[in-house]
Amino acid sequence: MYKTQKRKTKKIKVRNVAIGGDSPISIQSMTKTDTRNISATAQQIEKLAEGGCEIIRIAIPDMQSCEAFKEIRNQSDIPLVADIHFDYRLAIKAAEFGADKIRINPGNIGSHQRIKKIVDACRMAQIPIRIGVNAGSLEKDILKKYHHPCAEAMVESALKHIAMIEEMEFEELIISLKSSNVLTTIKAYRLLAEKVDYPFHIGISEAGAGTTGVIKSVAGLAILLWEGIGDTVRVSLTGDPIQEVKVAISLLRSLNLREQGAELISCPTCARCHVDLLKIIEDVEEEISKIKYPIKIAIMGCEVNGPGEAREADIGYAAGKGGGLIFRKGEVIKKIAHQNAADELMHQTKELIKSLNKK
Ligand code: SF4
């Protein structure tokens, strides 16, 4: 089994989830509701947690959102990160109200004294800070020096903030260097990885929506992860945040970095396909997305590659003429009619998980 060598980093705890060190790469997302709408935000948090998200960030743009955050905090046990820009008082309040991590870009917080107040609040609450450097909001002096928001500029900004907070004797830090340019992001993380051992939160900022956003995110994140860079991941997509979590789970599983949930293998179909494969997949997709157990399910259209893939999966279906074969752990266990494929696949999957859980 291929496996990458993870960069050695400090371990930082965010509530009950460890980031860095020997911990698994954790999956993050962000709520997209109006934080002041407590019930909508709490519902989205619940949905994200059910979908496999492990750390959830919430934007706190004003004091009303901060008050709402306090209530939202009380309704959930999942690690919550308060995302703060500009106003240091919001960060202090969020730490008081039970945030498990504060995300700031020190560059837009203002004076040294204000940043110190945030650091002291986090020290008191015993929570870490993520220094989130974004290519779109670099300090003026750094931009003047480099002329444009390049990787070197982002790293210089991060190092400046890290040094400042270290001087305040605070080292519970997680760093991110985000840009909407994939290659700039990769270069920035590579450069910073040579200089510090803090864990990295990785992501491609403003990646976009749909297929384009997924490809852009995965192109950048996969390269970094394969180089051992990245301790927690957020896929940033315009749209339902649950898609971000699905993509992140799938990405980490593809690189053998996490075993989480069901992996669906299906062929693209062609003229040889004996069955409406897409319909079978649509019928099982929702139930499969709820599975937390690491399991591989193959759904294949004909006898060319079908039996081979179905045999390699934990549960498989290989369509043939007039019916198909159900495989369980490499063995054919029955022949069924195509119209029963979805039900039978789910039944066998649940049975297998039950039997594996008993062991
Ligand atoms: Fe076509 Fe069969 Fe391959 Fe599916 S498994 S793509 S149906 S040849």
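For ligands, and for the atoms within them, numbers begin at 1 and follow the listed sequence. Since this is a predicted model, take the numbers as computed values, not measurements.
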Q: Do S111 and Y88 have side-chain heavy atoms sitting under 4.5 Å apart?
A: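 Side chain of S111 against side chain of Y88, heavy atoms only: no contact under 4.5 Å found.
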Q: Output yes when E167 and K116 qualify as a salt bridge under the 4.0 Å nitrogen-oxygen rule, no when they do not.
A: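 No, E167 and K116 are not salt-bridged.
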Q: With a cut-off of 2.8 Å, how many protein N, O or S atoms neighbour atom 2 (Fe) of ligand 1?
A: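 Total protein N/O/S atoms under 2.8 Å from atom 2 (Fe) of ligand 1: 1.
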Q: Please determine which of R130, E171, E172 meets the side-chain contact (heavy atoms from CB on, under 4.5 Å) test together with Y198.
A: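 Passing option: E171.
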Q: State, without any angle test, whether T9 and D231 hold a side-chain donor-acceptor pair at a distance under 3.5 Å.
A: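 The criterion, which ignores hydrogens and geometry beyond distance, is satisfied for D231 and T9.
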Q: Could you tell me how the ring of H338 sits relative to the ring of H274: parallel (under 30°), tilted (30 to 60°) or perpendicular (over 60°)?
A: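 H338 and H274: parallel rings.
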Q: Taking side chain as C-beta onward, heavy atoms only, is I19 less than 4.5 Å from I55?
A: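 Sidechains of I55 and I19: in contact.
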